[in-house]
2 protein chains.
Amino acid sequence: MARERLYGRQPVREALRAGRRRFFSLTISKNLTKSPEVAEILSLAGKAGVPIDAVPRNRLEALAGSPHHQGVVLETSGYPYVPAGEVIDSASRESLFLVLDHLQDPQNLGTLLRTSEAVGVSGVFVPDRRAASITPAVSKASAGAVEHLKIAMVGNVRRTLDDLKDAGVWIVGLEKVPEAVRYDARTWDLPLAVVVGSEGKGMSRIVRETCDWLVYLPMKGRIDSLNAAVSGSVFLYAVMHEFL
Amino acid sequence: MARERLYGRQPVREALRAGRRRFFSLTISKNLTKSPEVAEILSLAGKAGVPIDAVPRNRLEALAGSPHHQGVVLETSGYPYVPAGEVIDSASRESLFLVLDHLQDPQNLGTLLRTSEAVGVSGVFVPDRRAASITPAVSKASAGAVEHLKIAMVGNVRRTLDDLKDAGVWIVGLEKVPEAVRYDARTWDLPLAVVVGSEGKGMSRIVRETCDWLVYLPMKGRIDSLNAAVSGSVFLYAVMHEFL
């Protein structure tokens, strides 16, 4: 499996806390400020027997491939995706799932996954093509939340929705089309899967037609759209706030 | 006043639609695909008498200072801030204001301003120091929403809150502290000002103490925080959905 380099204090700490990856090495900046976060990273890495190396700060950016490394880079195995069947089989009366129909932007993906983890989403489905996958940049944007989420990569989103339906899960898609209802027009019972489409294009026709409901967020400004991570997050809270 | 270069189709189009800046020149990529968006940009620039220049695509990135120019760069006067007093004087029984206590990240700022415009925020206050200002990158992240918003730069956030209180506006701050109440514990009457603190540090003590209420978003994940633009957006929708 391909190795990758997680960077940033939250992603590195959460990966070590979750313990779902293999860890090959931790590289830290010389003279790194010993915040509680850094202390925990060093302690967890030590307990896990991960080799730790301290290098001049200017070498970390090249290693991370990003200026946002905050002095820590952890070389790990690739993101620990969960088989889709396992996620679907976990469906219970309290499950909320998130299905992403080709979200493209790593920042948006990470931000939405962070909200998902915060509200207790049971599992996430992402397409294996033409979509952002769970890279270190996504882990960073999620504040490390991806390390605690069950995320499955799927070849066919529509088939996943059918499988979810067979498991008794209702499907609600977020898309402003004439037949959509306001997101706050009713309460949403669990188990539920929320489908969020791509920035700009929304979801594919076949996915849209598979949804049991389509919902939209009302607006009254001149710009008639929201950031995809924001609209997904607003709806996740609308569904989940009574269960939190 | 300093000139700046807006880039990206939405920011450029919305600046031209709003007509609040002075426009010096429009530079487009040669062989630009004539989408309806591009056609409107060319039409509006033509009507406004803006000189239009077509250059090889590889020159636009240097001009924009970003790879996300989408083939259009508009040189304009600086962001048209509105005097704080004018925004405060506009307060009515239906007003919602947004007060940013040192949000740092241009992407977060732009995303939150996009939501603000969508839900009909009447005015926004941003600090003039140690905070992101309304740059072309913020305009891009806002999908051009900043061109339609009334945004005031203020030297002292606490004084602005006092002025808003004097104008009959209630102040609610978004911050997870022991005395905070759940965001959904009650409905929020207008006029209201929502205060969002900086990523990581939240709002300053003096600002927090000036709020009439503090509210938090409940969570049940391992990562005990949300993206600042997301938490602000979720709360703006919680306040405004019944007015949309």
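Remember, predicted model here, so these are calculated numbers, not experimental data. Residue numbers begin at 1 in each chain, while the letters A, B, ... track the order of the sequences.
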Do other residues, nucleotides or ligands put more than 12 heavy atoms under 6.0 Å from B/Trp170 CH2? no
B/Glu175 and B/Lys201 ion-paired at < 4.0 Å: no
Using the side-chain contact (heavy atoms from CB on, under 4.5 Å) rule, take B/Ile223 and B/Ser225 through it: C-alpha gap first, then chi angles, then the decisive distance, then the call. CA-CA 6 Å; B/Ile223 311 293; B/Ser225 69; 4.2 Å; yes
What part of A/Phe235 gets within 4.5 angstrom of chain B, counting heavy atoms only: side chain, backbone, both, or neither? neither
Residue, of B/Arg182, B/Arg114, B/Arg17, that accumulates the most heavy atom pairs under 4.5 Å with chain A: B/Arg114
Using non-hydrogen atoms only, which part of A/Glu117 is less than 4.5 Å away from chain B: side chain, backbone, both, or neither? both
Looking only at heavy atoms, which two atoms of A/Arg20 and A/Val82 are closest? And how far apart? NH2-CG2, 4.1 Å
A/Tyr216 and A/Tyr183, any side-chain heavy atoms less than 4.5 Å apart: no
Using a cut-off of under 4.5 Å for heavy-atom pairs, which of B/Gln107, B/Met219, B/Gln10 has the most such pairs with chain A? B/Met219
Check each atom of A/His148 against the heavy atoms of chain B and say whether the ones under 4.5 Å are side chain, backbone, both or neither. side chain
Pairs of heavy atoms under 4.5 Å with chain B: top-ranked of A/Leu236, A/Asp184, A/Val121, A/Leu112: A/Asp184
Just so I understand: if I count every heavy-atom pair under 4.5 Å between each of A/Glu242, A/Glu14, A/Arg222, A/Met240 and chain B, which residue has the most? A/Arg222
So does A/Glu147 pair up with A/Arg13, basic N to acidic O under 4.0 Å? no
